[in-house]
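A quick write-up on the structure given underneath.
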Number of protein chains: 2
Amino acid sequence: MLKLSKKAEYALMAAKFMAMKNSSGYSTAKEISESCMIPYQLVAKVLQNMVKSNLAISAKGTNGGFSLAKNPIDISVMDIIKSVESNYKLVDCLQPKSSLEDCSHLDCCKIRDPLIEIQRKIDKVFSETSLVQIL
Amino acid sequence: MLKLSKKAEYALMAAKFMAMKNSSGYSTAKEISESCMIPYQLVAKVLQNMVKSNLAISAKGTNGGFSLAKNPIDISVMDIIKSVESNYKLVDCLQPKSSLEDCSHLDCCKIRDPLIEIQRKIDKVFSETSLVQIL
DNA sequence: TTTGAATCAGACCAAAATAGTCCTATTACA
DNA sequence: TGTAATAGGACTATTTTGGTCTGATTCAAA
Ligand code: SF4
Ligand code: SF4
């Protein structure tokens with residue numbers, strides 16, 4: 001239905017939160033959870049995903065937390081979405097070497113190429129929107 | 001996960017099928033189903049949706065079927081998607097008068113405006129792609 | 001006028017994806 | 001050593017999707 005997942009929304013919120021807190025300190029998952037009214041466990045997961053994708057860095061223990069790993073201008077909305085959405089794609093056949101396991105229609109499908117082009121354009125929208133544009 | 005639904009894919013396939021069959025005859029749901037390897041009942045539903053949205057016209061009874069209601073150049077991918085996806089939208093709060101029933105975060109959400117802008121750009125991609133571009 | 005080919009309409013079901021929870025481990029600071 | 005935090009996995013509940021079934025209606029041809 002072309003909807004952004006809650007995870008993606010939460011990731012954007014968290015990223016914005018960290019970007020706003022320009023003081024170089026850490027933001028904790030609890031802090032973000034309460035500020036944005038997001039379930040704690042969920043935002044914690046999302047933040048962990050961002051760390052894995054090298055968008056954020058984390059510090060354990062007392063006074064620990066999360067902070068952005070790069071300058072907000074260098075983080076795109078696409079980066080954030082991809083950090084939490086393992087398979088972000090319009091259709092199942094986008095890999096150049098997609099097989100019938102990806103989609104049983106692959107060998108008779110007559111709309112694949114145009115959809116790949118549309119995907120390219122949508123990717124562009126997300127890639128060209130930087131975190132600073134949502135501050 | 002920002003994926004197109006099967007219904008939307010099937011609608012695009014069906015639209016393309018009808019557009020290709022430029023001879024002014026009708027295409028039947030069965031014909032489209034077999035040609036595109038789509039479950040019959042499903043493509044039938046999709047075609048009915050297209051009729052309701054005035055993208056296609058239908059004729060009942062023997063020799064009946066479906067055919068496009070307009071010139072393919074005047075049908076956008078957006079039209080086709082919207083004919084089958086009752087609530088196509090990136091996030092739940094897009095109506096200008098969205099309420100807390102749409103999203104409980106509405107009054108504390110700090111990413112809404114930028115997402116509305118992104119939605120606008122994505123809409124543009126779908127609206128500016130016409131059916132002729134996928135033939 | 002009967003038969004059959006087709007759309008129309010709705011309820012229904014199964015499988016998958018999403019959203020959220022729980023529990024335990026690990027790390028580091030005070 | 002206690003506490004505040006991240007890390008990570010298993011688990012559950014809810015929603016959405018994809019698909020099926022049944023029956024009614026319409027219309028043309030036999
Ligand atoms: S139906 Fe066509 S476009 Fe859709 S996933 Fe399969 S091959 Fe790709
Ligand atoms: S979280 Fe914000 S952007 Fe997402 S649906 Fe709610 S109000 Fe809209």
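Source: prediction; values computed, not measured. Scope of the values below: all heavy atoms of this structure, side chains included, with no hydrogens, waters or symmetry mates.
A:I73 belongs to a hydrophobic cluster with A:V132, counting contacts under 4.5 Å between side-chain heavy atoms of Ile, Leu, Val, Met, Phe, Trp and Tyr, direct or through other members. Grouped with B:M37 in a hydrophobic cluster is no other residue, since no side-chain heavy-atom contact under 4.5 Å to another Ile, Leu, Val, Met, Phe, Trp or Tyr is found. Under a 4.5 Å side-chain heavy-atom cut-off, the cluster of Ile, Leu, Val, Met, Phe, Trp and Tyr residues that includes A:L106 is completed by A:L100.
For B:A29, the side chain to side chain contact (heavy atoms under 4.5 Å, CB included) partners at least two apart in sequence or on another chain are B:Y40, B:V43, B:A44, B:L47, B:F66.
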For nucleotides 5-11 of chain C, give me every protein contact, N/O to N/O, under 3.5 Å, one pair per line with atom names.
residue : atom : partner : partner atom : Å
C:dT7   : OP1  : B:A29   : N            : 2.9
C:dT7   : O3'  : B:S58   : OG           : 3.3
C:dC8   : OP1  : B:S58   : OG           : 2.5
C:dG10  : O6   : B:K45   : NZ           : 2.4

Atom pairs, protein N/O to nucleotides 17-19 of chain C N/O, distance under 3.5 Å:
residue : atom : partner : partner atom : Å
C:dA19  : OP1  : A:K6    : N            : 3.1
C:dA19  : OP2  : A:K6    : N            : 3.2

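Legend: salt bridge (charged side-chain N to carboxylate O under 4.0 Å, His left out) pairs involving residues 67-93 of chain A, not counting sequence neighbours, sorted by first then second residue: A:D92-B:K3. Residue pairs meeting the ring-ring contact (aromatic ring centres under 6.0 Å, His included) criterion with at least one partner in residues 115-135 of chain A, sequence neighbours excluded, do not occur; the list is empty. Within the structure, salt bridge (charged side-chain N to carboxylate O under 4.0 Å, His left out) pairs that include any residue of residues 26-50 of chain B comprise B:K21-B:E31 (at least two apart or interchain). Annotation: side-chain hydrogen bond (donor to acceptor under 3.5 Å, both in side chains) contacts involving residues 100-113 of chain B, sequence neighbours excluded, are absent.
B:S33 contributes a side-chain N or O that, together with a main-chain N or O of B:I38, makes up a donor-acceptor pair within less than 3.5 Å. Using a distance-only test at 3.5 Å, with no hydrogens or angles considered, a donor-acceptor pair links the side chain of B:S98 to the main chain of B:Q95. No donor-acceptor pair closer than 3.5 Å links the side chain of A:S127 to the backbone N or O of A:K124.
In this structure the side chain of B:L12 reaches within 4.5 angstrom of the side chain of A:L115, judged on heavy atoms.
When the C1' atoms of four end pairs are superposed on the next four at each end of the helix from C:dT1-D:dA30 to C:dA30-D:dT1, using five pairs per end, the two resulting axes differ in direction by 0°, to 10°.
You can see that DNA chain D meets the heavy atoms of chain A within a 4.0 Å-exclusive cut from D:dT3 to D:dT17, reading 5' to 3'.
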